[in-house]
Amino acid sequence: MDEQAAPLDLRTAEAALERGDYGQCLAFLTPLAESRPLPDPEGARVRFLMITAWMGQGREDNAIATCRMLSRCRDPKLRQQAKQLL
């Protein structure tokens with residue numbers, strides 16, 4: 001099975017978020033974000049988790065920039081979620 005086609009298991013990142021370990025969460029998510037383009041729903045899911053981690057670190061600039069990028073996504077549901085976060 002192609003690695004791109006395999007569903008993402010984001011439990012590690014979600015657990016790190018729950019613990020408040022935002023650095024570990026981002027370390028796990030960053031390579032996934034690089035391999036998953038934004039039109040991909042999994043890519044958007046990764047970025048929403050990254051936004052949460054950045055907000056936890058006080059890095060609002062990164063979070064806002066990513067929200068703005070997601071607010072221009074073709075998927076109306078993702079667009080709406082991003083606009084709500086902004």
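What you see is a predicted model; the values in this text were computed from it and never measured.
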Fill in the blank from the handout: Cys67 and Ala82 have their tightest heavy-atom pair at O-CB, 3.4 Å

Exercise for the section: State plainly whether one hydrophobic cluster holds both Leu38 and Ile64, where clusters connect Ile, Leu, Val, Met, Phe, Trp and Tyr through side-chain heavy atoms under 4.5 angstrom apart. Expected result: no

Exercise for the section: Check whether any side-chain heavy atom of Leu32 lies under 4.5 Å from a side-chain heavy atom of Leu10, and answer yes or no. Expected result: yes

Would you give me the side-chain donor-acceptor pairs under 3.5 Å for residues 47-63, sequence neighbours excluded?
{"unit_1": "Arg47", "atom_1": "NH1", "unit_2": "Arg36", "atom_2": "O", "d": "3.0"}
{"unit_1": "Arg47", "atom_1": "NH1", "unit_2": "Gly43", "atom_2": "O", "d": "2.8"}
{"unit_1": "Arg47", "atom_1": "NH2", "unit_2": "Ala33", "atom_2": "O", "d": "2.7"}
{"unit_1": "Arg47", "atom_1": "NH2", "unit_2": "Arg36", "atom_2": "O", "d": "3.1"}
{"unit_1": "Thr52", "atom_1": "OG1", "unit_2": "Phe48", "atom_2": "O", "d": "3.2"}
{"unit_1": "Gln57", "atom_1": "OE1", "unit_2": "Arg59", "atom_2": "NH1", "d": "2.8"}

Handout entry: Charged N-O contact under 4.0 Å between Asp9 and Arg11
Key = yes

Exercise for the section: Would you name the heavy atoms of Leu17 and Tyr22 that are closest together and state the gap between them? Expected result: CD2-CD2, 3.7 Å

Completion exercise
d(Gln81 CD, Leu86 CG) to nearest 0.5 Å is 12.5 Å

Problem - salt_bridge(Arg45, Glu42) N-O dist < 4.0 Å - result: yes

Handout entry: Qualifying residues under side chain to side chain contact (heavy atoms under 4.5 Å, CB included), relative to Arg72, sequence neighbours excluded
Key = Arg68, Met69

Completion exercise
Scanning both residues in full, the closest heavy-atom pair of Asp21 with Gln24 reads OD2-OE1, 3.0 Å

Handout entry: Arg74, CZ: over 12 other non-hydrogen atoms inside 6.0 angstrom
Key = no

Completion exercise
For Ser35 and Pro37 the tightest heavy-atom approach is O-CD, 3.7 Å

